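Only one structure is covered here, and it is reproduced in the block below.
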There are 2 protein chains.
Amino acid sequence: KLREQMQNGLLAPGFDETSCLSRYQASAYRKPSSHEPSSYLISKLRRYEEVHKRCGPNTKFYNETLEQLKSGHSGSPTECKYIVWISFSGLGNRILTIASAFLYALLTNRVLLVDPGNDMADLFCEAFPETSWFLPLDFPIKDQFKDFNQKSTECYGNMLKSNLLNTSTESIPAYLYLHLVHDYDDQDKLFFCDQDQSLLKKVPWLMMKTDNYFVPSLFLIPSFEQELSKLFPEKGTVFHHLGRYLMHPSNHVWGLIMRYYQAYLAKADERIGIQIRTFESGTGPFKHVMDQILACTAKEKLLPEVDMRGSYITPSRTPKLKTVLITSLSSGYFEIVRNLYWQHPTVTGDLIGVYQPSHEKHQQTGKQLHNRKAWAEMYLLSLSDVLVTSAWSTFGYVAQGLGGLKPWILYKPDNQTVPDPPCRRVMSMEPCFHAPPFYDCKAKTGIDTGKLVPHVRHCEDISWGLKLVDGICRKRAREGKLRE
Amino acid sequence: KLREQMQNGLLAPGFDETSCLSRYQASAYRKPSSHEPSSYLISKLRRYEEVHKRCGPNTKFYNETLEQLKSGHSGSPTECKYIVWISFSGLGNRILTIASAFLYALLTNRVLLVDPGNDMADLFCEAFPETSWFLPLDFPIKDQFKDFNQKSTECYGNMLKSNLLNTSTESIPAYLYLHLVHDYDDQDKLFFCDQDQSLLKKVPWLMMKTDNYFVPSLFLIPSFEQELSKLFPEKGTVFHHLGRYLMHPSNHVWGLIMRYYQAYLAKADERIGIQIRTFESGTGPFKHVMDQILACTAKEKLLPEVDMRGSYITPSRTPKLKTVLITSLSSGYFEIVRNLYWQHPTVTGDLIGVYQPSHEKHQQTGKQLHNRKAWAEMYLLSLSDVLVTSAWSTFGYVAQGLGGLKPWILYKPDNQTVPDPPCRRVMSMEPCFHAPPFYDCKAKTGIDTGKLVPHVRHCEDISWGLKLVDGICRKRAREGKLRE
Ligand SMILES: Nc1nc2c(ncn2[C@@H]2O[C@H](COP(=O)(O)OP(=O)(O)O)[C@@H](O)[C@H]2O)c(=O)[nH]1
Ligand SMILES: Nc1nc2c(ncn2[C@@H]2O[C@H](COP(=O)(O)OP(=O)(O)O)[C@@H](O)[C@H]2O)c(=O)[nH]1
């Protein structure tokens, strides 16, 4: 029970329970993970927590390292080094990039500090005991965060271009800005090369802005390889474990999650989550998207079919109650599915309740309640038994990873037509890295990074994306590749 | 069990169960009525069923009586006499007027035939065994039904005006049209006088168009008095019993009701129905209406209050799950109430699920699915444990009567302001007769018909309306009168 509550040792003891109810209560609502974290990962996390406590905001070491930042250049090597995650992009993206930055911190012995941005502290609990992971509000160069871009003088790629850095340079800067946003260029991408990592190693402060789950490419950096395989013997569980370890909904968000779950979903025999995200112009509903979803749930037998002619079927056995949780910016899909199962009996006699917590019409980055709802909905989706997600969407990746679920993913429609097949089961529950580098650091040529090792493959939903998969999925992966 | 299924003998045996599942399955979803029908009512119904079988469509007697209609004047007294209910007005109104016409048929030994209109046969089962209550499609003057009005030559009130009828007349017409629509005039209203009833008695075919539950005024006709008090020793149960006896949802509608109930409402510990009907221009939501509803549910402790500042309350006892079923043409009230209980914890820790089956935006008389939904929603409301209804609305009256519920009724707002108090508990579950006559048939003067007998009072929601109440409610009735 307690072991379950602590998620097989993944979670650290030593937190004040009331300050973050979700950390302890979550285990009562989730099926326990069928993927054990490795004991190596667990001890690495415990050691990280020690380091974070020693190096965290307002500690002696922190203040010392901050002096270097203020002075503008690094002096003698510091006890603590930092990676500062800059709040950027949609909430799903942010959750994935925090996990990516954290893994990078684990691999490089850095301390992760999270720029609270507008709402991070409103949405998430502290991740590490007896310290804070939030960057202090008085952090010196905080105001520059939003202006950091490819062209900033402190940008690593830009510095390489201007030849301001080389591996032999004596004067290491006190901080560098790492631009890992989808529009990054070839120089920025050198971040994923071992040579560059050995230079970056010396910089006390790294500031990172990214909207991508870049973990798969970390697995292609030779110097990280051994450590990663000890941390994650099951490769397809990186975000699953790190997400559950790091991302605990704040009490506000936990209230949204629990009240919704208990009032609407708890009593069901089966919970089906359908995450609908379109990248068409306008919010929809679009007919081809609705058709695609229904084609997928019918083909994969995720939802029972209805008898369009029948009026009322007296079920022969006790009917099962299934809930469908739909998340979407539009309420149109929900209305159609709900009415379908209201107006017609299912052929199995099973009962289908259809739910949608919110329909926000459009993405509203930065509004507090809006993002609380978005986080609550990702989490609620993760409590499903069966999950259907939309291509290209980090919102769905978060749900699948936290839930430990391999969803059926809806292919992205072209030309407003229903793809055939409409969806497929994913190879692993890992998120897709949408904008990976295709570069062979040694040979200094382009290369298909999705074909180097068996556990880094192209994604189901984005043919040029990369994702981690487990060995056992190789056969499935090959099948998936037919579509790439 | 069987007795329960037959609603204490109210329902006749001898039906094909599959043709009307609701008749037999309803008892599994409703609490049994706490009001026993009188044995006198039950035997009266059994005798009526015999008569209806003997006189129903396409029987020998029916054909004979039809001959008189075709010939244009009545001949020798016929074995069977009829009251034809003409399909008219909204669905709630229609359900109430069928019950009214049926009671009138019981009192005057007539056979009730129901004009199927556009959708009556789609919405309701047959009411009487081994026969039909629907007027045959080839009924001669069917095409004239929609043109019948106060000025029709066959209109009773109009004939009186033109002196074409008097009690001593020898040539009784084969049919008369009774105009009991809310706009009826003083002559039409003479229907409620004994003298007129003794003339009407002789007419083989009465065609009735009404949008009012005129039962309360039948209780003021001296010649009906004795029979009515035998039929209904509990006066406040007339529509409750007759509605449950007559109005069985068709299998289509039963499917809507059952699927909704089982998927969304069945597992709750308590069900609260809120019927929202506004008579403002536009569909709303209107702020003053929302405020009024919340003021009512708070004041009367029908719903728990929320803690606007709290984020999540770990309940001290097992929380109760309560569902709120909202019916309204607009979805706005639903969204507000649902979000209120999603975004804030209740002070009791109880869980509140909020539901609305449809939001049709505006009344669409005659559309099949639209009226199926309306009927399903009235019925679903009737399955509530606690009911809140809107003033002036027959939709709510039907729900309360079928459910055997005394709702809290929301006063009709004036000038877009919240009335104070916002609502009150009704005196009885009877519908209100919105447009009763105020006439003393003997003295031939105006009179307040709400003050003649203790069991016919003015309504809670319409000061000039009349409704039946039980003796035991006299004190409450007096309290209610303070607002009249
Ligand atoms: N509440 C809610 N918000 C959504 C939904 N889909 C998109 N959004 C909003 O749009 C943003 C999308 O950005 P992100 O989470 O990064 O997901 P992505 O764009 O699908 O990869 C979310 O953070 C929400 O603010 C949804 O289904 N529910
Ligand atoms: N489905 C649905 N229809 C409604 C609702 N309120 C009103 N309507 C429609 O409007 C009509 C109102 O007429 P009626 O039933 O006679 O009720 P009244 O006008 O409130 O007395 C209904 O029959 C429905 O067609 C509602 O809450 N749900």
Side-chain angles (χ1 to χ4, degrees), chain A residues 17-18 20-22 24-25 122 249-268 306-307 309-315 318-324 331 335 338-346 349-359 369 372-373 376, chain B residues 17-18 20-22 24-25 122 249-268 306-307 309-315 318-324 331 335 338-346 349-359 369 372-373 376:
Chain A
E17 201 167 323
T18 57
C20 183
L21 295 162
S22 67
Y24 298 94
Q25 295 184 358
D122 179 69
S250 66
N251 287 353
H252 277 297
V253 177
W254 190 241
L256 292 180
I257 295 165
M258 280 300 100
R259 280 189 294 277
Y260 204 90
Y261 186 84
Q262 294 175 330
Y264 300 113
L265 308 174
K267 306 221 169 180
V306 298
D307 178 352
R309 299 229 219 109
S311 53
Y312 179 66
I313 292 175
T314 309
T318 310
K320 282 214 157 44
L321 176 61
K322 303 187 181 196
T323 54
V324 180
S331 63
E335 299 255 344
R338 188 195 58 164
N339 287 343
L340 184 72
Y341 285 105
W342 185 31
Q343 287 160 20
H344 308 284
T346 59
D350 286 338
L351 300 161
I352 311 293
V354 187
Y355 294 90
Q356 181 171 357
S358 77
H359 49 101
L369 182 58
R372 284 185 187 172
K373 287 182 187 171
Chain B
E17 201 167 320
T18 58
C20 183
L21 295 163
S22 67
Y24 299 95
Q25 295 184 358
D122 180 69
S250 66
N251 286 353
H252 277 299
V253 178
W254 190 240
L256 292 180
I257 295 165
M258 279 301 99
R259 281 189 293 278
Y260 204 89
Y261 185 84
Q262 294 174 330
Y264 299 113
L265 308 175
K267 307 221 168 179
V306 298
D307 178 351
R309 298 230 218 109
S311 54
Y312 178 67
I313 291 176
T314 309
T318 310
K320 282 215 156 42
L321 176 60
K322 303 186 181 198
T323 55
V324 180
S331 62
E335 298 255 344
R338 188 194 58 163
N339 287 343
L340 183 72
Y341 285 105
W342 185 31
Q343 287 159 21
H344 309 283
T346 58
D350 286 338
L351 300 161
I352 310 292
V354 186
Y355 295 91
Q356 179 170 357
S358 78
H359 50 100
L369 182 58
R372 283 185 187 172
K373 286 183 189 170

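To find a chain, count down the sequence lines: A is the first, B the second, and so on, and within it residues start at 1. Everything quoted here is computed from the prediction, not taken from an experiment.
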Angle between ring planes, B/Tyr355 versus A/Tyr355, binned at 30° and 60°: parallel, tilted or perpendicular? perpendicular

Is A/Leu21 in contact with chain B via its backbone, its side chain, both, or neither, using a 4.5 Å heavy-atom distance? side chain

Is there a donor-acceptor contact under 3.5 Å from the side chain of A/Ser22 to the main chain of A/Trp254? no

Which portion of A/Val354 sits near chain B, non-hydrogen atoms under 4.5 angstrom: both

Any chance you could lay out the side chain to side chain contact (heavy atoms under 4.5 Å, CB included) test for B/Gln343 and A/Lys373, step after step, and finish with the verdict? CA-CA 9 Å; B/Gln343 287 159 21; A/Lys373 287 182 187 171; 3.4 Å; yes

Determine the minimum heavy-atom distance between B/Ala376 and B/Val253, stating which atoms define it. N-CG1, 3.9 Å

Donor-acceptor under 3.5 Å (B/Thr323 side chain, B/Gly353 main chain): no

Counting heavy-atom pairs closer than 4.5 Å to chain B, which one of A/Lys322, A/Glu335, A/Arg372 comes out on top? A/Glu335

Against chain B, label A/Pro357 side chain, backbone, both or neither, depending on which of its atoms sit under 4.5 Å from a heavy atom there. both

Is it the backbone or the side chain of A/Tyr341 that comes under 4.5 Å from a heavy atom of chain B, or both, or neither? backbone

Could you have a look at A/Asn339, A/Leu369, A/Asp350 and say which one has the most heavy-atom pairs with chain B under 4.5 angstrom? A/Leu369

